[in-house]
Participant: 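Handing you this structure, nothing more for now.
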Amino acid sequence: MTTVASWNVNSLKVRLPQLVEWLAANPIDVIGLQETKLTDEHFPQAELEALGYHVLRSGQKTYNGVALLSRQPIEATKVDLDGFDDPQRRVAIGTSGGVRYLNLYVPNGQAVGSEKYAYKLRWLEALHRLVQAELAAHPQLVVMGDFNIAPDDRDVHDPAAWAGQILCSDAERGALQGLLGLGLTDTFRLFEQPEASFSWWDYRQAGFRRNLGLRIDLILASNALRDRCHSSTVDKEPRRAERPSDHAPAVAQFQSHPL
DNA sequence: ATGGTGGCGCGGCCA
């Protein structure tokens, strides 16, 4: 079995002890991290390699930053969307154990109609083109990350309040559906799930205690991998910690490819 | 309530 996780840690510097503890308690083979918020020179490479992981990181100061960790070597790596010049570090792509992994920190978008929203939609268009090319080259593809899009109303604690708002707008959801239309499946929805299952809760207003959340952290799988997916969940345990990330990790298990 | 909390870094931006 190959276990894949995606976790927006909201500062790897602050969350490293929690990440180390979580990886020690959970048999994770591949993990995509988002919002590491540190430059590559400050990345805790030795600490994570000591846990047995190979590392691909693409960081910057203060904002954004992603990393891909795998127990197997990572090759043929990329850290940009083709043809989309962007100083913001939001992409970590690599092949590991015969599977292609795309780890993404999709722009938040701030508010519908804002400049950041326009950037988000342009970014998603570039992502669409990239995923199309990646799928053609790599039938076994995982696309994971903080999508900053709640796929549908089941993924929103108060759909009426969020209707048309950032993370839920038709254009954002349409862009996600466009990705799925290329031949990807939201693995979480392959399985029965409890109602009101979320992956992000605002720090404000006691959002986690009241379960005022959204499910925006996704693990998508190509058709070949979907058929080998055995489970897909959100692990809320790290969100209960002292000084937690505002996101919980998504976790999906895949039956290993028969060699 | 144009608020609330948290991270970065030390004022204001971003989520």
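Below, chains carry the letters A, B, ... as their sequence lines are ordered, and counting in each starts from 1. Remember, predicted model here, so these are calculated numbers, not experimental data.
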Participant: Within this structure, what is the CG-to-P distance between A:Leu212 and B:dT5, rounded to whole angstrom?
Facilitator: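 My rounded result for the distance is 14 Å.
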Participant: Is there a side-chain contact between A:Met144 and A:Thr187, using heavy atoms and a 4.5 Å cut-off?
Facilitator: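 SC-SC contact between A:Met144 and A:Thr187 ruled out.
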Participant: Measuring only the P atom in each nucleotide, how far is B:dT2 from B:dG11? A whole number of Å is fine.
Facilitator: 27 Å
Participant: Can you label the angle between the A:His247 ring and the A:Trp200 ring as parallel, tilted or perpendicular, going by 30° and 60°?
Facilitator: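 Ring orientation of A:His247 relative to A:Trp200: tilted.
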Participant: Would you say the side chain of A:Leu179 lies within less than 4.5 Å of the side chain of A:Val143, judging by non-hydrogen atoms?
Facilitator: no
Participant: For nucleotides 7-15 of chain B, read 5' to 3', which letter fits each nucleotide if B means a protein heavy atom sits under 4.0 Å from the base, S means only the sugar-phosphate is that close, and - means neither?
Facilitator: SSS---BSB
Participant: Taking B:dG9 as the reference, what is the distance to B:dC14 when you measure between their P atoms (whole Å, please)?
Facilitator: 14 Å
Participant: By side chain to side chain donor-acceptor pair (under 3.5 Å), which residues pair with A:Arg90, not counting sequence neighbours?
Facilitator: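 Once residues adjacent in sequence are excluded, the partners of A:Arg90 under the side chain to side chain donor-acceptor pair (under 3.5 Å) criterion are A:Asn64, A:Gln88, A:Tyr119.
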Participant: Ignoring hydrogens and angles, tell me if any N or O in the side chain of A:Ser199 forms a donor-acceptor pair with the backbone of A:Asp217 under 3.5 Å.
Facilitator: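 Yes, A:Ser199 side chain to A:Asp217 backbone: donor-acceptor pair under 3.5 Å.
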Participant: Is any NZ, NE, NH1 or NH2 atom of the basic residue among A:Glu125 and A:Arg122 found under 4.0 Å from an Asp or Glu carboxylate oxygen of the other?
Facilitator: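 Salt bridge between A:Glu125 and A:Arg122, a charged N being under 4.0 Å from a carboxylate O: no.
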Participant: Please measure how far the P atom in B:dG12 lies from the corresponding atom in B:dG3, and state the result in whole Å.
Facilitator: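 One P to the other, the span is 14 Å.
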